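Since this is a predicted model, take the numbers as computed values, not measurements. Every chain is numbered from 1 and lettered A, B, ... according to where its sequence line falls, protein lines coming before strand lines.
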Amino acid sequence: MAEEKENATIVVFSGELDKALAAFNIATTAAAMDIEVTMFFTFWGLNVVTKEKTDAGNKNPLQKMMGMVNKGGARRLKLSNMNMLGGGKVAMKKLMADFHMPSLEEMMPLAKELGVRFLACTTSMALMGLEEADFIPEVEDFVGAATYVEIASRSQINLFI
Amino acid sequence: MAEEKENATIVVFSGELDKALAAFNIATTAAAMDIEVTMFFTFWGLNVVTKEKTDAGNKNPLQKMMGMVNKGGARRLKLSNMNMLGGGKVAMKKLMADFHMPSLEEMMPLAKELGVRFLACTTSMALMGLEEADFIPEVEDFVGAATYVEIASRSQINLFI
Amino acid sequence: MAEEKENATIVVFSGELDKALAAFNIATTAAAMDIEVTMFFTFWGLNVVTKEKTDAGNKNPLQKMMGMVNKGGARRLKLSNMNMLGGGKVAMKKLMADFHMPSLEEMMPLAKELGVRFLACTTSMALMGLEEADFIPEVEDFVGAATYVEIASRSQINLFI
C-alpha cells in the first residue's frame, strides 16, 4: 500500500476573527507542507463561511433570533478579546495590512487553492436556520458529525478552535 | 495481539451549554462508531456533570465565592455567545426540540449507554469545593491529570473544549 | 531504530489565567511522565510568557492599542469566567495556595526544568508589537506556524487551548 498523506482536521466552533485567523493560519501552513487539511465549521464557526446577508429571509422567529449574531461573512467577525466596539478589530486589520499579512478574506480562497477542504455541519445549520445557498463557494460539502469523526480518527493533528 | 479499539479523549474545560453540546455530539457520534470515548471534565466543565444544588453546603467562604457560577446541573448552563439574559438559550433549546434534537440532559445518559467514560478532575474539584457526592451518577471516576495524559497519549482524537 | 519518545504539543492561544493553568497542568504532568512537551504561545497566549512591563516602549500607536491588554506577565492574567473585577482571581489564587497547589508563576520554571519547550509565534509577536527581549527566559525559540505544524504532526497529543 502506498504511504498515505498525513491529515489535519480542525473543528472551527468559534465565530471570532482572531480564532478564525489562527485556524486558517494553521490550515494553510499545513496544506503548504503537503498535509491533507479538513476544516469542519460548526455552531458559531458557521459564520466564518457564510455569505454576507442583507435580510433575514423566511426564517421562523426563533431562527431569526439565533440569526442575530449571524449576519454572515468573514469581514464581520469580531475579536474574542478587546474588541472595543470594533476599535481593536480595526487596529488589528490595519496592523496585518502594514505587515503584509493576508486578511481572513484573502486566506480563505488561498486555503482552498492549497486543497484545504471546507465542510459545514448540517446539525448546526438547522439550528441557525442556514441553508446550503447561504455559504461561500469554498464550502464543498455539508455533513454530520459522523463524517467529521471518521476523518478525525485518521488525522495526526486534531484541533478544536 | 488483537487490534485495539480506537480512542477519543475530550477535555471539557468550558461550562457553557453550546460547548458542552458540541462535546457530547462528538462523543456520542464517536461512541456509536465503536470508538472508545473518554470525557475528562475539569474546571468550569465540572458544572456540566454536577447535580443541581439548593444550598452552598459547608464550604469555606472562598469556595462559596468560586461556587457562585457553580450552581450545578446541565439544565443551568449558559451559551458562550448571545446568551441575552437567557433568551438565546431558551430559543436554542426550543429550536432543538422542534428539530427533534436531543437536549444535553438527554444526551448524557445516552452517552453513558454508548459506553462513553465520564471522569472528573480531582484538582479542579478541590478548587471548586466539590465532592464526589456532588456529581451525577454518570461520572464513574475521579482522577488527576496523569490519568488523563495516559489515556490521551493513546487516543487518535484529542480535543480540548 | 530506537523507540522515539512520545510527544505532546499544546497551542496556548488564550491569555486567561484558568486556561494557562490547565495548559501548564497538562504540560508538566505529561513531561513528568517522560513525554516530550512543546508549548506554542500565540496571540493572547503570548501574554502568559512576556515579562511585566512598565511602559509601552517605542511602538507605533496601533501596536500600543493592541498592547493595552498586553501588560505582560503571568501574574496579571485574568480568569475567563467570573473574574469579578479581580475578586474571582484573588479567591482562586488564595484557594490554590491553601491547597498547596503551585501557582502559574511557580509552574513555569518547573515546566522548564521538566524539559517542556516554550516556543513563541513570530507572526503574533509582530501583530502585538513584541520583541524577543519582551519574553521571559523560559522561552527558548521564536518560530512560525510551520515549525508548530511539523512538531504537531508527530505528536500523539495535540491541544488548542
Among A:V149, A:T123, A:T42, A:T9, which residue forms the greatest number of heavy-atom pairs with chain B at distances under 4.5 Å?
A:V149
Checking B:D98, B:L95, B:L21 against A:L127 for side chain to side chain contact (heavy atoms under 4.5 Å, CB included), the one that qualifies is B:L95
Rounded distance [0.5 Å steps], [atom1] in [X] versus [atom2] in [Y]:
| X | Y | atom1 | atom2 | value |
| --- | --- | --- | --- | --- |
| B:S14 | A:F13 | OG | CZ | 8.0 Å |
| A:Y148 | B:T29 | OH | OG1 | 10.5 Å |
| B:S80 | A:F43 | OG | CZ | 8.0 Å |

Between B:Q156 and A:N158 the two heavy atoms that sit nearest each other are O-ND2, 3.4 Å
Could you pull out the closest heavy-atom pair between A:S153 and B:E6, with the gap in Å?
O-OE2, 3.4 Å
Counting only heavy atoms not in A:K78, do more than 12 fall under 6.0 Å of its NZ?
no
Atom CZ of residue position B:R154 - does it have more than 12 heavy atoms of other residues, nucleotides or ligands inside 6.0 Å?
yes
Decide yes or no for B:D18 and A:W44: does some side-chain heavy atom of the first lie under 4.5 Å from some side-chain heavy atom of the second?
yes
Side chain, backbone, both or neither: which part of B:M33 has a non-hydrogen atom closer than 4.5 Å to chain A?
side chain
So which part of B:I35 gets closer than 4.5 Å to some heavy atom of chain A, the side chain, the backbone, both or neither?
side chain
Leading residue by heavy atom contact count with chain A [cutoff under 4.5 Å; candidates B:N25, B:I10, B:I161]:
B:I161
